[in-house]
Every structure is written in structure tokens, then in C-alpha cells.
Amino acid sequence: MTKATLALLIHGGTENWSPARWKARFDAVCADRAVHLLPDLALDPAKVGYAAVWKPQPGELAGFPNLQVIFNLGAGVDALIADPTLPKLPLVRVAVDDLTRRMTEYVVLHVLAHHRQERYLRDSQRDKNWAPKYQWPASAISVGIMGLGNLGADAAAALKHLGFRVSGWSRSAKQISGINCFHGGAGLEPFLRQTHILVCLLPLTAATRHILNRKLFAMLDRTGPLGAPVVINAGRGGLQNEAELLDCLNDGALGAATLDVFETEPLPPDSPFWSHPKVTLTPHNAADTDPDAISRYVADQIARHERGQPLHNVVDMTRGY
Ligand code: NDP
Ligand code: OXD
């Protein structure tokens, strides 16, 4: 029997999102299944059973009468959920070790950069200034992670291993060995009050939009060795109120920020974040989705589905993640 076709719909515009590269990887792992890159006028829409997508335009997934499952090629599904034309089918998101490890690398890199005073040291090198500052132990710094899902929990474990005091905040209650866990509305303030470096790995939902704002920053602990609280956001740009974030950096409510994500991406050239002296900026590549790892993940999930087994990591449309 001919297997249902997998349609690939990829808009990205960056090196990692080369449609041809993704097609080659999917061809390799779906050897007995037709894989088509959309748009493809020669493709019979009735043959498409699965779609693997990155940033589809509204309406692009309509018109496939036999579509069964949509696979998002990333972890964050906010843009897909916001599309009212999205077919009402299981939507599967990425949750693979490869992506998780990449995010943990990013979080560790930037927590360490703040903790080890990288900005001061690079400035000192430029100025030929041999003036070491006291180096606090990691145990003097409390890192608070918003979001204790696949990414947050792994980053928390790595930071704990390095000796930081680590806490986390999630929607539901959790018990994670060595991590001080808070949850829900009531847990937010106590979580913030003891946090020096705030790492945001939340999904963007109606409940989390603009959660990173002045009121929240004002609750962070200012008494730590870094002098003022630091924010690292690698979740989504819509989590931060950018005007308030800038004001807080300018007036000292925040000491520094590392930002991988922005409300408008690519970040416009006139954005003040580009040249802000307290901002370390990366172009939404904290954790790239790797075509090798993700194509295998999707192929495995399709095989499970066709054996009648449940799909993993299906998005809960009511929660929004
Ligand atoms: P998960 O769904 O595994 O985890 C999400 C976490 O956020 C959970 O702990 C969840 O709580 C918590 N959460 C959600 N809503 C709330 C809320 N209202 N209040 C408190 N906690 C909440 O997601 P991942 O860890 O896989 O990914 C997180 C996000 O990271 C993605 O949605 C995406 O936006 C972003 N991302 C960014 C990348 C980048 O390169 N910059 C790459 C990959 C992902 P609970 O556990 O109780 O459900
Ligand atoms: C993702 C991302 O959601 O790259 O995977 O942001």
C-alpha cells in the first residue's frame, strides 16, 4: 500500500532553514514515503497525510483533505496557534535531546558570561587594563528559570551541577531534586524575590505575553554580587515588554540583559537593543533545530502513529503550548 505523503513547508530565510537541506534529510529517513516540498503544483493534495512545517503562512495548510498530523519543526508553537486557519488536527512540537542540549549550552554560556564578568574583562582587554575583580563563587548567585519544561529543567540541572543556586517557576507544581521549585501566580513573587539572574524559557501564550515587564523586574533580588538583576530571554520576544525592558536597563532597575528573541524578527536596524551597552544580543539561534535530529524524530512519530500508538508532545491547544 502506498504510504501517505509528507509535505514540507519551510519558510525561514536563514542558513539552518534551507528547504533543500531539510528535504534531503527527510528523503533519507522516509525512504518508503514520498516527501514533497511545498508549494508543489504537481502534488495531489489528497495524497498528503502529514505536514512538517516551519513558519507556514496563514492558510497554507488548508486544502489537504487527508492531512492527519501537523509537525512543527520547532519547540515553540505560538505562531501556529495564532493562525485561525490552522486545521484542527494534532499538532506535534519538537522535544528532542539535540535541541535541549543546544539550549542548555546557550543558558550556561550566558549565565557564566554574566557571572564571570565577561563584558568587564573584554573592555579591560581592549583598554590594556590589568585589573582583576573579585570572582564570586557560583554558589553566591541565585539563577531563577521561568519554565521548567524540556528546556528549563535541563538547563537547571546543568547550572546546579556548576554550583549555582537554582530555582524554577512553572504552571503546575514540580519536585526536581536540588532545584527550588515554585509554581503558579502565588509562587511568582517568592520565586523572583530570591533570583539574581532570571532566565526565561517560557512558551508564548495568552498567559505569558509581556510577563517580562517593569513590575516583574522590580521584584528581583538586587542584593546579589552582580549588583543589579540580570535577565536572559531565549523563549519568545512576545514574552518581554520591550519598552519597559529598555527603560529598566537605562534606569538601573536591570543590570544587563541577554536577548535571543524579539517582538519583531529580524530585529530592525534602528532598534536600540543593537547598540545598548548593557545588552548582549543573539539572532534567535539559542537552539537551532537540527535537520538530522528532527527529521528522525518526525519519521519515528509517523511510524508510531501508523502502528496505532499515541503521538508524543502533542500541543494542548487550550493551554497554548
Ligand atoms: P515545554 O512545554 O516543555 O515547557 C514549558 C514550561 O513553561 C513548562 O514548565 C510550563 O509549566 C511552563 N509554563 C507555561 N505556561 C506557564 C504559565 N502561564 N505560568 C508558569 N509556567 C508556565 O517547552 P520547552 O521547554 O520545550 O520550550 C519552551 C519555549 O522555548 C518554547 O515554547 C519556545 O518558545 C522557546 N524556544 C526557543 C528557542 C530559541 O532558539 N530561542 C528554541 C526552542 C524553544 P508546566 O510544566 O506546569 O506545564
Ligand atoms: C523553536 C525555536 O521554537 O527555534 O524551536 O525558537
Side-chain angles (χ1 to χ4, degrees), residues 10-17 22 52-55 71-82 91-107 109-110 144-157 167-176 179 181-192 198-212 216 232-240 258-263 265-267 281-291 293-294 297-298 312-321:
I10 295 174
H11 297 289
T14 59
E15 195 186 355
N16 191 45
W17 291 106
W22 281 86
V53 305
W54 184 242
K55 298 190 177 164
F71 295 93
N72 185 43
L73 294 174
V77 290
D78 43 288
L80 278 171
I81 289 185
L91 170 63
V92 173
R93 65 191 201 87
V94 163
V96 295
D97 289 349
D98 175 81
L99 180 83
T100 303
R101 278 195 291 267
R102 288 167 192 249
M103 183 58 87
T104 293
E105 285 175 7
Y106 184 88
V107 172
L109 174 70
H110 291 282
I145 304 184
M146 298 180 87
L148 280 175
N150 291 303
L151 304 183
D154 195 71
S167 57
W169 181 69
S170 52
R171 201 177 52 89
S172 56
K174 301 206 183 301
Q175 282 192 322
I176 305 176
I179 310 297
C181 294
F182 299 83
H183 72 279
L188 183 57
E189 182 167 350
F191 160 76
L192 296 167
L198 183 69
V199 177
C200 185
L201 291 173
L202 287 168
L204 177 60
T205 67
T208 62
R209 181 171 294 279
H210 286 186
I211 192 168
L212 300 176
L216 179 141
I232 299 174
N233 183 14
R236 280 291 180 268
L239 294 163
Q240 65 210 7
T258 296
L259 306 173
D260 184 55
V261 285
F262 297 88
E263 293 232 58
E265 294 179 6
L267 188 64
L281 184 159
T282 50
H284 196 148
N285 75 336
D288 268 348
T289 49
D290 173 68
I294 308 302
Y297 167 78
V298 172
H312 291 310
N313 306 312
V314 177
V315 173
D316 178 331
M317 295 304 223
T318 320
R319 284 187 331 195
Y321 68 99

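The basis for the numbers below is simple: all heavy atoms, side chains too, and nothing from hydrogens, waters or symmetry mates. Read the numbers this way: they start at 1 and go in the same order the structure lists the ligands and their atoms.
Close approach of ligand 2 to G76 (heavy-atom distance below 4.0 Å) involves ligand atoms 1 (C), 3 (O). Annotation for ligand 1: atoms under 4.0 Å from non-hydrogen atoms of A287 are 40 (O), 42 (C). Near G74, with a cut-off below 4.0 Å to any heavy atom, the atoms of ligand 2 are 1 (C), 3 (O), 5 (O). The distance from ligand 1 to the heavy atoms of H284 drops below 4.0 Å at these ligand atoms: 39 (C), 40 (O), 41 (N). Close contacts between ligand 1 and M103 involve ligand atoms 37 (C), 38 (C), 39 (C), 41 (N), 42 (C) [criterion: under 4.0 Å to a heavy atom]. Ligand-side atoms of ligand 2 in range of R236: 1 (C), 2 (C), 3 (O), 6 (O), range being under 4.0 angstrom from any heavy atom.
Contact between V77 and R93 at its shortest, heavy atoms only, is CG1-CB, 3.9 Å. When all heavy atoms are compared, the tightest approach of G238 to E263 is CA-OE1, 3.8 Å. Here the shortest heavy-atom pairing between F182 and S167 reads CE1-CB, 3.9 Å. Nearest heavy atoms, T289 versus G74: CG2-CA, 3.8 Å. Listed here is the closest heavy atom pair of T100 and N150: CG2-O, 3.5 Å.
Within the model, atoms OG1 of T205 and CZ of R319 stand 10.0 Å from one another, a figure rounded to the nearest 0.5 Å. With rounding to the nearest 0.5 angstrom, the CE atom of M146 is 13.5 Å from the CD1 atom of I232. Of the inter-residue distances, the one linking Y321 atom OH with N313 atom CG reads 13.0 Å to the nearest 0.5 angstrom.
Only the side chain of K174 comes within 4.0 Å of ligand 1, judged by heavy-atom distances. Contact annotation: for N150 versus ligand 1, heavy atoms closer than 4.0 Å belong to both the backbone and the side chain. Under 4.0 angstrom from ligand 1, there are no non-hydrogen atoms of V77. Contacts of R93 with ligand 1, taken as heavy-atom pairs under 4.0 Å, involve the side chain alone. Within the 4.0 Å heavy-atom criterion, the part of A207 lying near ligand 1 is the side chain and not the backbone.
Ligand 1 has no N or O atom lying under 3.5 Å from any N or O atom of W169, backbone or side chain. The shortest N/O to N/O separation between D288 and ligand 1 does not fall below 3.5 Å. The shortest N or O to N or O distance between N285 and ligand 1 is not under 3.5 Å.
The protein heavy-atom contact nearest to atom 28 (C) of ligand 1 is L201 O, 3.3 Å. Scanning all protein heavy atoms for the shortest distance to atom 8 (C) of ligand 1 gives G149 N, 3.7 Å. For atom 21 (N) of ligand 1, the closest non-hydrogen atom on the protein side is R171 N, 2.9 Å. At the shortest separation from atom 5 (O) of ligand 2 among protein heavy atoms lies A75 N, 2.8 Å. Summary of contacts: the protein heavy atom closest to atom 9 (O) of ligand 1 is L148 N, 2.9 Å. Looking only at heavy atoms of the protein, atom 35 (C) of ligand 1 is closest to G235 O, 3.5 Å. The protein atom (non-hydrogen) at minimum distance from atom 10 (C) of ligand 1 is Y321 OH, 3.5 Å.
For the pair Q240 (side chain) and V261 (backbone), a donor-acceptor distance under 3.5 Å is present.
Remark: among candidates S170, P203, A206, the nearest residue to atom 7 (O) of ligand 1 is P203, based on non-hydrogen atoms. Nearest to atom 29 (C) of ligand 1 by heavy-atom distance, out of L204, V261, L202, is L202. Proximity annotation for atom 37 (C) of ligand 1: of A75, G238, A234, A234 comes nearest, heavy atoms only. Compare L151, T282, N313, T205 by their heavy atoms: the one nearest to atom 27 (O) of ligand 1 is in L151.
At least one heavy atom of H284 sits less than 4.0 Å from an atom of ligand 2.
With no hydrogens or angles considered, no side-chain donor-acceptor pair links R101 and Y106 at under 3.5 Å. Side chain to side chain, D154 and T104 meet the donor-acceptor criterion of an N or O pair below 3.5 Å. Side-chain contact check for Y297 and D97: no donor-acceptor pair (N or O, by modelled atom type) lies under 3.5 Å. For the residue pair D260 and T282, a side-chain donor N or O sits within less than 3.5 Å of a side-chain acceptor on the partner.
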Which is it for D288 and R102 under the salt bridge (Lys or Arg N to Asp or Glu O under 4.0 Å) test, yes or no, and what are the steps along the way?
CA-CA 7 Å; D288 268 348; R102 288 167 192 249; 5.2 Å; no

Intermediate values then yes/no, side chain to side chain donor-acceptor pair (under 3.5 Å), H110 and E105
CA-CA 9 Å; H110 291 282; E105 285 175 7; over 6 Å; no

